[in-house]
Each structure stands twice: as structure tokens, then as C-alpha cells.
Amino acid sequence: QVQLVESGGGLVQAGGSLRLSCAASGRTFSRYTAGWFRQVPGKEREFVAAINWSGGSTYYADSAKGRFIISRDNAKNTVYLQMNSLKPEDTDVYYCAAAVDLIRGDSYYVTGWYDSWGQGIQVTVSS
């Protein structure tokens, strides 16, 4: 497993942008698939975006397509989520996750597939 720490959250007005970062430590993070999820208290954690170990393949939830961009810098052991055109409904706690397995089918979509999770960070979008 790796240890993950999110940063970059906060309060932003609708239409604004935020960039979340997920710094990893521990084993070789460059071998891991990474993902971002979000969760409102009382609801299930939902998939936002994922990126394979090399950064060559990315995957997005429909709600994120065209607005969010996931990327990674393996030299820095960091994954990013650039969030643009933010909406009040994007208000959530965002979690970074990592999986040592290669992506198979839509495995990246499933919370149980991931081995490691960050503590979560609050993103609030005001109207």
C-alpha cells in the first residue's frame, strides 16, 4: 500500500476552478493506478476520474467529462485533479485512491478495487 494525502480543496464560487493534489509516499507509486472519488455524507462514494500508471489512459464520470482533468507526475509521486467550471453540485469531500493492479474493464470505477485511500478533502462551490 501507499499513503495518500490530498490538498488543494477549499471554497470557490460557481464557475471557478480548483486543482486538487494527491501526494503519495511508500512503495513505487508510479506502478499504481490512481483515482479520484467524492462523497456527500450519507451517500455512497462515487467515481470522478482515474488514470493508469503511465498517465497514458484516463477515465471520467459523465459529470466530470469536459470540466475535470486528471493527470500525474510520477517523478513527484503526485496525482492532480484540475476542476474547471465548478458547480454547486460539485460540493463534496474528494478522496484520492490508488490500486496496485492494472485496469481491467471498468475496475477503476469500483471503490473496493482500490488498495489505498487518502483522508479526503472538502470542496465547496458557492452559488
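Just so we're clear, the structure is a prediction, and the values are computed from it rather than from any experiment.
Using a 4.5 Å cut-off on side-chain heavy atoms (C-beta onward), Gln82 and Ser17 make contact. Side chains of Glu89 and Val125 form no contact here, defined as non-hydrogen atoms less than 4.5 Å apart. Residues Phe47 and Trp36 are not in side-chain contact: their nearest non-hydrogen atoms beyond the backbone lie 4.5 Å or more apart.
Taken to the nearest 0.5 Å, the OH atom of Tyr109 stands 14.5 Å off from the OH atom of Tyr59. Interatomic distance, CG of Asp90 versus CE of Met83, reported as 7.0 Å (0.5 Å rounding). Between atom CD of residue Gln1 and atom OG of residue Ser116 there is a gap of 4.0 Å, rounded to the nearest 0.5 Å. Here Asp106 contributes atom CG and Trp113 contributes atom CH2; the two are 10.5 Å apart, rounded to the nearest 0.5 Å. One finds the OG atom of Ser25 at 8.0 Å from the CG atom of Asn77 (value rounded to the nearest 0.5 Å). Atom NZ of residue Lys87 and atom OG of residue Ser127 lie 14.0 Å apart, to the nearest 0.5 angstrom.
A pairwise comparison of heavy atoms in Ser63 and Arg38 identifies OG-NH2, 3.6 Å as the closest pair. Minimum heavy-atom separation, Val100 to Asp115: N-OD2, 2.7 Å. Counting all heavy atoms, side chain and backbone alike, Tyr32 lies closest to Ala98 at CD2-CB, 3.8 Å. Shown here for Thr91 and Val40, the closest heavy-atom pair between the two residues is O-CG2, 4.0 Å. Ala34 and Val79 get closest at one heavy-atom pair: CB-CG2, 3.5 Å. For the pair Ala49 and Leu81, the tightest heavy-atom approach, listed with the atom from each and the gap, is CB-CD1, 4.1 Å.
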*Candidate pair Val93 and Ile121, rule side chain to side chain contact (heavy atoms under 4.5 Å, CB included), full reasoning*: CA-CA 5 Å; Val93 177; Ile121 192 163; 5.8 Å; no
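Panel note: side chain Thr28, backbone Ser30; no donor-acceptor pair is recorded below 3.5 Å. Using modelled atom types, one side-chain atom of Asp73 and one backbone atom of Ala75 make a donor-acceptor pair closer than 3.5 Å. Panel note: side chain Glu6, backbone Gln119; a donor-acceptor pair is recorded below 3.5 Å.
A cation-pi contact links Arg45 to Trp117, judged by a cut-off of 6.0 Å to the six-membered ring centre and 45° from its axis.
A side-chain N or O of Gln122 and one of Thr124 form a donor-acceptor pair less than 3.5 Å apart. Thr33 and Asn52 share no donor-acceptor pair across their side chains, judged by distance under 3.5 Å alone.
Applying the disulfide (SG to SG under 2.5 Å) test to pairs two or more places apart or on separate chains, those with a residue in residues 73-113 are Cys22-Cys96.
Cluster membership check: Leu4 shares its hydrophobic cluster with Val48, using side-chain heavy-atom separations under 4.5 Å among Ile, Leu, Val, Met, Phe, Trp and Tyr. A single hydrophobic cluster is seen to contain both Val110 and Ile103, as judged by linkage of ILVMFWY side chains at heavy-atom distances under 4.5 Å, directly or through other members.
For the side-chain contact (heavy atoms from CB on, under 4.5 Å) test, residues two or more places apart in sequence or in another chain that qualify with Thr78 are Ser21, Ala23, Lys76, Tyr80.
Between Trp53 and Phe29, a ring centre-to-centre spacing not shorter than 6.0 Å is recorded. A centroid separation of 6.0 Å or more is found between the aromatic rings of Phe68 and Tyr60. For Phe37 and Tyr95, the distance between ring centers is not under 6.0 angstrom.
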